[in-house]
Amino acid sequence: FEKEARDGSIAAWLCCVLTPFARSLYDGPTAPLFVFDSNSAGTGKTLLAKVASIIATGEVVEANDYPRTNDAMSKLITSIATQDVAYAMLDNIATKLGCAALDSALTTRRYSGRDLGFSRMIKCNLNMVWCANGNNLELKDDTARRTCLITGAASSCTDRSASAPF
């Protein structure tokens, strides 16, 4: 790990921790998607997101599977938004990250989605901090512009003592 990349990842993680405290201070679009990326499993990506949410809220962020379609992502966003949580996590992403629904959720404070089980639309506030994690993640162009990258690396498949960013 190069020092600059490590320092940038530490700063990005601190932003992930502090963002919930700053959310009420501005009336702009939502915060970036904090992306935890590493070259292998077991480097602590999910743990770092959980620790950030515990420090900020006292609660562990719940992990959500990454939906494979834009429609499924829209349903997930609506479901998460109705719970009024401080953090939302897309866990163990194994495909290219990004879609129109996610990009929209990352750039607006209000989201309109179909109320599941009903034939009506609902409007939700999007005040949560979005986190995502995976190994060797690829980001779609529009999503990449909306992310804050937190990287970590294991020095080998068997030696994970170098797990980072810390």
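Numbering of residues begins at 1 and proceeds along the displayed sequence. We use all heavy atoms of the structure for the numbers below, so side chains are in, but hydrogens, waters and symmetry mates are not. Every value quoted in this text rests on a predicted model; they were computed, and no experiment measured them.
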- prompt: Where do E62 and Y87 land on the side-chain contact (heavy atoms from CB on, under 4.5 Å) test, with the steps shown first?
  reply: CA-CA 8 Å; E62 293 182 15; Y87 282 84; over 6 Å; no
Could you check if a side-chain atom of [X] sits within less than 4.5 angstrom of a side-chain atom of [Y], using non-hydrogen atoms only?
| X | Y | value |
| --- | --- | --- |
| T143 | K96 | no |
| L33 | R146 | no |
| I80 | Y111 | no |

Spatial distance of atom [atom1] ([X]) from atom [atom2] ([Y]) [nearest 0.5 Å]:
| X | Y | atom1 | atom2 | result |
| --- | --- | --- | --- | --- |
| D84 | L126 | CG | CG | 10.5 Å |
| N70 | I77 | CG | CD1 | 8.0 Å |
| L76 | D65 | CG | CG | 9.0 Å |
| I150 | F34 | CD1 | CZ | 6.5 Å |
| T95 | K140 | OG1 | NZ | 7.0 Å |
| T19 | N127 | OG1 | CG | 12.5 Å |

- prompt: Do the side chains of L47 and I55 join up, straight or via other hydrophobic residues, at under 4.5 Å, putting them in one cluster?
  reply: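 Hydrophobic grouping puts L47 with I55.
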field: Within one Ile-Leu-Val-Met-Phe-Trp-Tyr cluster: V61 and L14, side-chain cutoff 4.5 Å
entry: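 Both belong to a single hydrophobic cluster.
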- prompt: Under 6.0 Å from the CZ atom of R68, do we count more than 12 heavy atoms belonging to anything else shown?
  reply: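 No.
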Ignoring hydrogens and geometry, is there a side-chain-to-backbone donor-acceptor pair from [X] to [Y] under 3.5 Å?
| X | Y | answer |
| --- | --- | --- |
| T78 | S74 | yes |
| K45 | A132 | no |
| D37 | L137 | yes |
| S53 | E59 | yes |
| T108 | A105 | no |

- request: List in chain and number order the residues that pass side chain to side chain contact (heavy atoms under 4.5 Å, CB included) with D91, two or more places apart in sequence or in another chain; answer none if no residue qualifies.
  value: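 Applying side chain to side chain contact (heavy atoms under 4.5 Å, CB included) to D91 gives T46, A63, M89, N133.
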message: Tell me every residue that passes side chain to side chain contact (heavy atoms under 4.5 Å, CB included) with D71, counting only those two or more places apart in sequence or in another chain.
response: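 Residues passing side chain to side chain contact (heavy atoms under 4.5 Å, CB included) with D71: T69, K75.
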query: Would you say the side-chain atoms of R109 and N125 include a donor-acceptor pair closer than 3.5 Å?
result: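 On atom types as modelled, these side chains do not qualify, holding no pair under 3.5 Å.
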